[in-house]
There are 2 protein chains.
Amino acid sequence: MTQDPAAATATATAATTKQRLLAAAREEFAAHGIAGARVDRIAELAGVNKERIYGYFGSKQKLFDQVVSQALDELAEAVPLRPGDDPAEYVGRVYDFHRANPVLVRLSLWEGLHYRDEALPDEERRATHYERKVAALAETFGTEVSPEVASCLLGLIALAAWPSAVPQMSRLILGAGPRPDLRAHLVEFARRAVADSLPAGGGAGTGAEA
Amino acid sequence: MTQDPAAATATATAATTKQRLLAAAREEFAAHGIAGARVDRIAELAGVNKERIYGYFGSKQKLFDQVVSQALDELAEAVPLRPGDDPAEYVGRVYDFHRANPVLVRLSLWEGLHYRDEALPDEERRATHYERKVAALAETFGTEVSPEVASCLLGLIALAAWPSAVPQMSRLILGAGPRPDLRAHLVEFARRAVADSLPAGGGAGTGAEA
DNA sequence: TTGACGTCCAACCAACCAGTTGGATACCTT
DNA sequence: AAGGTATCCAACTGGTTGGTTGGACGTCAA
């Protein structure tokens, strides 16, 4: 049978091949999008025959979906948002992640552009994921979950991700010169925006003076 | 000669053909991006022969650049930012524009994704455009132009554009149900963020109560 | 009318690309 | 050792794509 533990070695090499393909696909898709990505390039970069893509994933599109799903899991694990976390610091962490690893933003944008308004592949799992984040933020605020809190989360993510999403615009607005401390400014921007929502006397020391 | 006023009628039909192509291209590029767009579809949608695209614009890529340039001009004209304008209201106006006309965000995203970090076609013109916006914002704040002000502008645009940039995420975070008043929440979010920067006693009546 | 100029188009092309096929090779089971 | 199973791959294919070509048509100047 396929799932026999006996098939360990064979399955192992298959698994690594699959991983190599996923890694290569991530680069290619992040760089060129779904339409622009070339299956042959992915195979070549992975050092694997192109046919394996269809054997393992079925189609270019399904490969893309798996790539995004995997990348999204990594983001969720790398930048958690727990009850009590300072929302402004969360913006900083997300900003750092995207700055260090722009691949994920690019994948998300390609995906959003591609799927427009239709449902995404694993819509449900993502929905619960965001639900949990909204709940955590609400708990931080000491309020119930509400559209306000959800909008607030969206705003925080917007601040953190936008510079990586449109690097051209960021560069043009900030000026090409020596990069000023954008991160700090965004964190402060967020801190002021949520200040009123936080329970009194939050731990945030820096801030309000211009 | 080409530019003879005598050739008025002929040139006129040519100009309309060109406009038809630009309009069709805008739809196609906004929907599918540079790689995904099909030259034949653009020609068909415009009711014009494909060859005209090459006659007028030279290449698919150059057509795309013209489309973006034209669309960007429209945005700049439709949503100005003048000294004294309430920054929070600016967020609302930009949000409205993108919501009503998502084509431009999509074009910008495709463009940013495509050009990555390299220089854009008309980099200089855009730079001065943003420069002017930053100057206007600084004047509103009653301060000099600075990285802080520039970062602030970037943050404001982020808030206004992000929901249109990643509609999937917005839908998942806000819940599929009856759309809550996201616009109002974002405007308030922005209002709190810039409150300290505004000269004392700004006209903003609504706001600070949670 | 004639000739020049510019617009327009049907048909064409060579390159490219996602997806397939048929068989070679390695491993595990009995 | 033989048979079954799964991985892997070189070569192929049929449809598509960006871009081109050669000429028809209409307009204006002389």
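Worth saying up front: this structure is predicted, and the values here are computed from it rather than measured. The sequence lines fix the lettering, A, B, ..., with proteins before strands; numbering per chain opens at 1.
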Consider the side chain of B/Tyr56, meaning its heavy atoms from C-beta on, and name the nucleotide among C/dG19, C/dT7, C/dC9 that approaches it most closely.
C/dT7
Check whether any side-chain N or O of A/Thr17 sits under 4.0 Å from OP1 or OP2 of D/dC8, and answer yes or no.
yes
Any donor-acceptor pair under 3.5 Å linking the side chain of B/Ser69 with the backbone of B/Asp65?
no
Can a side chain N or O of B/Arg38 be found less than 4.0 Å away from OP1 or OP2 on D/dG18?
yes
So what does B/Ala43 touch, heavy atoms closer than 4.0 Å: a base, only the sugar-phosphate, or nothing?
nothing
Send over the distance from A/Lys50 NZ to D/dA11 C1', rounded to a whole Å.
10 Å
Is it true that A/Arg191 and A/Glu188 make a salt bridge, defined as a side-chain N closer than 4.0 Å to a carboxylate O?
yes
Take atom CD1 of A/Ile53 and atom P of D/dA10, then tell me their distance rounded to the nearest Å.
14 Å
Regarding A/Glu27 and A/Arg20, does a basic nitrogen lie under 4.0 Å from an acidic carboxylate oxygen?
no
Whole angstrom is fine here: how far is it from CZ in B/Arg52 over to P in D/dT21?
14 Å
Of the candidate nucleotides C/dC17, C/dC9, D/dG19, which contains the atom at the shortest distance from the side chain of B/Tyr54?
D/dG19
Round to the nearest Å and state the distance from B/Glu51 atom CD to D/dG19 atom P.
13 Å
D/dT17 P sits how many Å from B/Glu28 CD, rounded?
10 Å
Sugar-phosphate only, base, or nothing, as touched by A/Ala37 at under 4.0 Å among non-hydrogen atoms
sugar-phosphate
Write down the distance between CZ (A/Arg20) and P (D/dT7), rounded to a whole number of angstrom.
17 Å
Measure from the side-chain heavy atoms of B/Asp40 and tell me the nearest of D/dG18, C/dC9, D/dC9.
D/dG18
Mutual orientation of the aromatic rings belonging to B/Phe64 and B/Phe29 [parallel < 30°, tilted 30-60°, perpendicular > 60°]:
perpendicular
Spacing between B/Arg41 atom CZ and D/dT16 atom P, to the nearest angstrom:
12 Å
Round to the nearest Å and state the distance from A/Lys18 atom NZ to D/dC8 atom P.
11 Å
Are a donor atom and an acceptor atom from the side chains of B/Ser151 and A/His185 found within less than 3.5 Å of each other?
yes
